[in-house]
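Data first, discussion second: the structure below is written as structure tokens.
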There are 2 protein chains.
Amino acid sequence: MPKVAIVGYGQTKFSTENSKIESVLLQCTKNLFDSTSKLNQKNIDAVLISTNNNSKYLSAILSEMTGIQPKISHSIESLCNSGTNAIVAAYSYIVSGLAEVVLISGAERYDSPGQILEWDNLRGEFKHPIFWASIFSKSYKRKYALTDEDLALVSVKNHKQSTHNPFAISQKAITIEDVLRSKKLTEDLRLLECSRPCTGGASILLASENICKTFTDHPIWITGIGQKTTSASFTKTSTFYDMESTKQAAHSAFQMSKQKPSDVDVMEIHDAFSVCEPMALDSMKFASPGKGIDLVKEAYSSENFKINPRGGLIGSGHPLGATGIAQTIEITKQLQSCAEKRQVDNASLGLVHNMSAGATSSTVLVLEN
Amino acid sequence: MPKVAIVGYGQTKFSTENSKIESVLLQCTKNLFDSTSKLNQKNIDAVLISTNNNSKYLSAILSEMTGIQPKISHSIESLCNSGTNAIVAAYSYIVSGLAEVVLISGAERYDSPGQILEWDNLRGEFKHPIFWASIFSKSYKRKYALTDEDLALVSVKNHKQSTHNPFAISQKAITIEDVLRSKKLTEDLRLLECSRPCTGGASILLASENICKTFTDHPIWITGIGQKTTSASFTKTSTFYDMESTKQAAHSAFQMSKQKPSDVDVMEIHDAFSVCEPMALDSMKFASPGKGIDLVKEAYSSENFKINPRGGLIGSGHPLGATGIAQTIEITKQLQSCAEKRQVDNASLGLVHNMSAGATSSTVLVLEN
């Protein structure tokens, strides 16, 4: 089976701009073309769109706007992990031989309809993500005797790191006191512990082994893929202090890539809320249960950028359909040693963790140099 | 590379019912499980949803409702050919080794937001599909000296055939006079020449060669796939009397399957409007340009069900996200010799043609016994 590489990317700054979804898609795609010099529209066999936006036929619209006439062309939606779902679909089109080169563009507006899962009536009126995040926070803190200060550190670290990411919505470092004094949304969740829905786009180009050297001297290989959906309602999950779908997705991704957590040099974690970062680290076995927070503390004190170098969702902003793609671009840059002030030394193996709706579904990707 | 088979299916009746999209998805999926006796939820590696509905996370919702915990799970949208796009994605997941068994459920409500392409301002106020269909009708009739009666026959044939399809919205045969006397929507298009948006669902199960015999004694193989998107606006197409995307998609599908038009025993054609059926027949080289209508006349007079046996979109109704799947189910039944009163004799090779937005994109599938 052919190997699949990441060979190009482009992003927009994440912001609160009131842009049309088509304009955001066009901009990140244009940025990809501008930074991938030998790329011609005729090379592209498939155009996939990752979004929660309600506009239809966006893949054909983006194709027309950019002069591409693809074979395969459609949108993909799975709430917050739409982006990595689109990357896995692209991988699959290439391995199956239906495509050699696939463009994926993900975009969202600040007012995305994907922010609230209308369906889940088990949640009663508590459909907004802050309610599951709040229950997770209470449960995780109680189970592992963590303090509000412990979780606040996730946000402090990621806000600090995002000051080195020119595409991030937050360009300002904050303190633990800032987090604890920010608006209390629920008993266990404050405003500065939440990622922020925003407007933004991210495009990535995947190619088969045969053709990848046309576009880059430094392809980054997708060597591990793991995905799992356990339910749609977080109220169906067995515990509120770990992430079953993330656990299974990571296990599959490590198995496929024949790697293990200790091999990972740099990682993007889906920190939709502060508690998600240590929980995901536990669930992927980077730490024993409850000890993920120690890795956060270590990364913060040693300033090593290993966890969420671009600032995570909390620092970068969370334009749903673009997030998984932006995460994957960051790991690609790290493995290409071109992550500027955020660069992790000698990074050769990276991981992306992207999830939806209270970790009811997760994607984990392993990328290698 | 592993071969991919269709091994199960389920449908709902197409209707004007005001059902929730989740209920329609559940019903067609339940019907698939009921008719695929050895199928267990644990067999299913991926759940794909085909729809234009604005609800999010439907694949996880359907999975939870039906007790499936898939690895891969997302929605796919490409207006009217969302269904075959989802089938091609499923094919690809299986060939690439990421999945062995994939469930695809497509559904739509009568008030689907996919009926009008809001984006295409080149059309001015003429965004409703009847306007491109009207221009196609005028152009095709003028180019090939066809009459209104000629095109009306497409609708008469398909309404007649749908009386043998228990899932079709129309259960009543009509005459050429009925068509010509029906409400004039534009100078060149009457109400009974149009397919009707409706509520309906269709589910299909794909499996790899290794496992397919678990679920059926009579797997139907997907041997040819062709897809093409030329633009998003039909006003960008070079002529209004043929379908460039359909031409290219058919060429690719025949090439992949090493078959040719004369090998095809039975076919589903995307007759969103009467003119589409002969135009698509021309474009796929079943007939020389302008002669597609002769095949329609021949099929009608010999009552052979070869073209759109279930009644096409005009007779069956057109629930956008379900249509491509329902078409593929019909060809599967024909090749399994279980299409009841609609059965074509000795059908061993079939074709599905599914398109979007004035034939700006097309999918063609070749299925074999």
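A note on names: the letters A, B, ... follow the listed sequences, proteins ahead of strands, and every chain is numbered from 1.
- Side chain of B:T66 to main chain of B:L62: a donor-acceptor pair is present (N/O by atom type, distance under 3.5 Å, no hydrogens or angles).
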Point to revise | Derivation of the side chain to side chain contact (heavy atoms under 4.5 Å, CB included) call for B:F254 and B:V364 | key: CA-CA 9 Å; B:F254 282 124; B:V364 174; 5.7 Å; no
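- Side-chain contact of B:N85 with B:S82: a donor-acceptor pair under 3.5 Å is absent, judged by distance alone.
- Looking only at heavy-atom pairs under 4.5 Å with chain A, the residue among B:S252, B:G226, B:S78 that has the most is B:S78.
- Using a distance-only test at 3.5 Å, with no hydrogens or angles considered, no donor-acceptor pair links the side chain of A:S257 to the main chain of A:G224.
- Heavy atoms closer than 4.5 Å to chain B are found in the backbone of A:S55, but not in its side chain.
- Proximity to chain A (any heavy atom under 4.5 Å) is restricted, for B:L98, to the side chain, taken from C-beta onward.
- A donor-acceptor contact closer than 3.5 angstrom links the side chains of B:K56 and A:N54.
- Only the side chain of B:I225 comes within contact range of chain A, with heavy atoms under 4.5 Å apart.
- Counting heavy-atom pairs closer than 4.5 Å to chain A, the top residue among B:S63, B:A60, B:A99, B:S75 is B:S75.
- With chain B as the partner, the residue from A:S59, A:S361, A:S362, A:A46 showing the most heavy-atom pairs under 4.5 Å is A:S361.
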Exercise for review: Report the C-alpha distance between A:S356 and A:N81 in whole Å, list the side-chain angles of each, state the deciding distance to 0.1 Å, and finish with yes or no for side chain to side chain donor-acceptor pair (under 3.5 Å).
Suggested key: CA-CA 6 Å; A:S356 286; A:N81 63 22; 3.2 Å; yes
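- When each of A:E77, A:Q227, A:M256, A:Q248 is checked for heavy-atom pairs under 4.5 Å with chain B, A:E77 comes out on top.
- Side-chain N/O atoms of B:Y57 and A:T360 include a donor and acceptor closer than 3.5 Å.
- Heavy-atom pairs under 4.5 Å with chain A were tallied for B:N52, B:N53, B:L48, B:V47; the largest tally goes to B:N52.
- Across A:I94, A:L58, A:T229, A:V95, the residue that shares the most heavy-atom pairs under 4.5 angstrom with chain B is A:T229.
- Looking at B:D45, neither its backbone nor its side chain comes within 4.5 Å of chain A, counting heavy atoms on both sides.
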